[in-house]
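One structure is given below, encoded as structure tokens.
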Amino acid sequence: MWNLKSRPKVGLGWGLRAMPELPEVETVASDLRAHLTGRRIVGVTVNWQRSIARPSHEEFIQQVIGCQVRSVSRRGKYIVIELDRGYLLVHLKMSGRLQLVPAMQPLDTHLRVVFDLDDGHQLRFQDTRKFGRLYLVDDPHQVTAGLGPEPLADNFTLDDFRELLVRRTGRLKPLLLNQSFLAGLGNIYADESLFAAGLHPLRKADSLTLAEQALLYRAIRTVLSGAVAGRGTTLSDGGYTDAAGQAGTFQHRIAVYGRTGKPCHRCQTPIERIVLGGRSAHYCPVCQVV
DNA sequence: AAAGCACCCTGTACGC
DNA sequence: TGCGTACAGGGTGCTT
């Protein structure tokens, strides 16, 4: 176990990393949309071949050069760049960043893929941990087919959510992380949504009352839309930044994630941490009922 | 369907 | 000071 007293108490530290989830990906996508739309890709450099998921890195380079960007959007945690020939999808995973910078700007560390654009800028994919992946496909569905609904979509209703929940018997926390159940939640916003709903991470999905189903539905939508408005969460490690390298603001509103041992904002009880399916879950043992 | 695990990777922080 | 090791994270794939 961790020796809590010996750990530095810096920000939300504790070795946890902020990683891109729906709000961060949405922020990056909307930033890129403003500056990338209409640009043509005139060159590509691949420094780490495994960053290219498909096709082969040779085919990727050959096919993407000369393409023009038509639009930029998001599906789950994927950034979807529509080209005049196919789609470029990017999953940032844990440490990936997409930044749009002048080509003259000094190269950053951990640069894996660089796109030269026709306006003298570069789209740079940095990825310390090398888990991020780029896909070049004819149809984005080839990559995103298995994803569940978009939690913030207008047509995603409480009734839709109820139907999904009652068909599941597992625990809430792993379920919220399952991208085929709902697309876009990661560890931070899953923990924050459960706290906001007053539901314990070990709670069984099919055990929720009608009122609790509504609480969770509203919590997920409120937490996510608040984080989108705040341009995402940047923890003290500076892991996530937007396409211009700027930090988000939602870290100031984090209630439980990474706050193990610190007082609950509502009842002052120390926040607890458990491990579920190899992932940490943070919660208030008083405010969140099993 | 659910739960557990290893894997991919590296920076950080720890113990010695 | 320096070295070895545990650990965090998302998603996939495998096994139970």
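Letters go in sequence order (proteins before strands), and every chain restarts at 1. Note that the structure is predicted; figures quoted are calculated from it, not measured. Values reported hereafter were calculated over all heavy atoms of this structure, with side chains retained and with hydrogens, waters and symmetry mates removed.
With sequence neighbours excluded, the residues that form a side-chain contact (heavy atoms from CB on, under 4.5 Å) with Ala153(A) are Glu150(A), Asn155(A), Phe156(A). With sequence neighbours excluded, no residue satisfies salt bridge (Lys or Arg N to Asp or Glu O under 4.0 Å) with Glu272(A). In this structure Phe181(A) satisfies the ring pair (Phe, Tyr, Trp, His ring centres under 6.0 Å) test with no other residue, sequence neighbours excluded.
Here Gly278(A) lies out of heavy-atom contact (under 4.0 Å) with every strand.
Between dT10(B) and His110(A), no contact under 4.0 Å exists linking OP1 or OP2 to a side-chain N or O. One finds a side-chain N or O of Lys204(A) lying less than 4.0 angstrom from the OP1 or OP2 phosphate oxygen of dA3(B). The side chain of Lys77(A) places an N or O atom within less than 4.0 Å of a non-bridging phosphate oxygen (OP1 or OP2) of dG11(C). Phosphate contact (OP1/OP2 of dC8(B), side-chain N/O of Lys93(A), threshold under 4.0 Å): absent. Between Thr169(A) and dA2(B) there is a side-chain polar atom (N or O) within less than 4.0 angstrom of OP1 or OP2. An OP1 or OP2 oxygen of dG11(B) is reached within less than 4.0 angstrom by no side-chain nitrogen or oxygen of Arg129(A). Side-chain nitrogen and oxygen atoms of Arg50(A) include at least one within less than 4.0 Å of the OP1 or OP2 phosphate oxygen of dC9(B). Applying the 4.0 Å criterion to OP1 and OP2 of dA2(B), one finds that Arg168(A) has a side-chain N or O inside that range.
When the nucleotides dA8(C), dA3(B), dT12(C) are ranked by their closest atom to the side chain of Arg171(A), dA3(B) comes out on top. Of the candidates dC8(B), dG11(C), dT10(B), dT10(B) carries the atom nearest the Thr128(A) side chain, counting heavy atoms from C-beta on.
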Which atom pairs, donor and acceptor, lie under 3.5 Å between side-chain atoms of residues 162-170 of chain A and protein residues at least two apart or in another chain?
| unit_1 | atom_1 | unit_2 | atom_2 | d |
| --- | --- | --- | --- | --- |
| Arg162(A) | NE | Gln213(A) | OE1 | 2.8 |
| Arg162(A) | NH2 | Leu210(A) | O | 3.0 |
| Arg167(A) | NE | Glu163(A) | O | 3.4 |

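A straight line from CG of Asn178(A) to P of dG13(C) spans 14 Å, rounded to a whole angstrom. Rounding to whole angstrom units, CG of residue Asp191(A) and P of dG10(C) are separated by 10 Å. Rounded to whole Å, atom C1' of dT12(C) lies 13 Å from atom CZ of Arg54(A). Straight-line distance from the CG atom of Leu172(A) to the C1' atom of dA2(B): 14 Å, rounded to whole Å. Between Asn47(A) atom CG and dC9(B) atom P the separation is 16 Å, expressed in whole Å. Between the P atom of dA3(B) and the CZ atom of Phe181(A) lies a distance of 13 Å, rounded to the nearest Å. Atoms CG (Leu176(A)) and C1' (dA2(B)) sit 15 Å apart, rounded to a whole Å. We find that OH of Tyr78(A) is positioned 14 Å from P of dG10(C), with the value rounded to whole Å.
Taking both residues in full, the closest heavy atoms of Gln142(A) and Val137(A) are given as OE1-CB, 3.6 Å, listed atom of the first, atom of the second, then distance. The two residues Arg33(A) and Val72(A) come nearest to each other via the heavy atoms NE-O, 2.7 Å.
Residue Arg133(A) places no side-chain atom within donor-acceptor reach of the base of dG11(C), judged by atom type and a 3.5 Å distance cut-off alone.
Evaluation of the side-chain hydrogen bond (donor to acceptor under 3.5 Å, both in side chains) test over residues 104-114 of chain A, restricted to residues two or more places apart or in two chains, returns Asp108(A)-Arg124(A).
Using a 4.5 Å heavy-atom cutoff, the side chains of Ser51(A) and Phe125(A) are in contact.
Terminal axes of the helix from dA2(B)-dT16(C) to dC16(B)-dG2(C) (five pairs each, C1' rotation axis) are separated by 50°, to the nearest 10°.
Comparing Arg279(A) and Gly170(A) by the nucleotide of DNA chain B that holds the closest heavy atom to each, the one mapping nearer the 5' end is Gly170(A).
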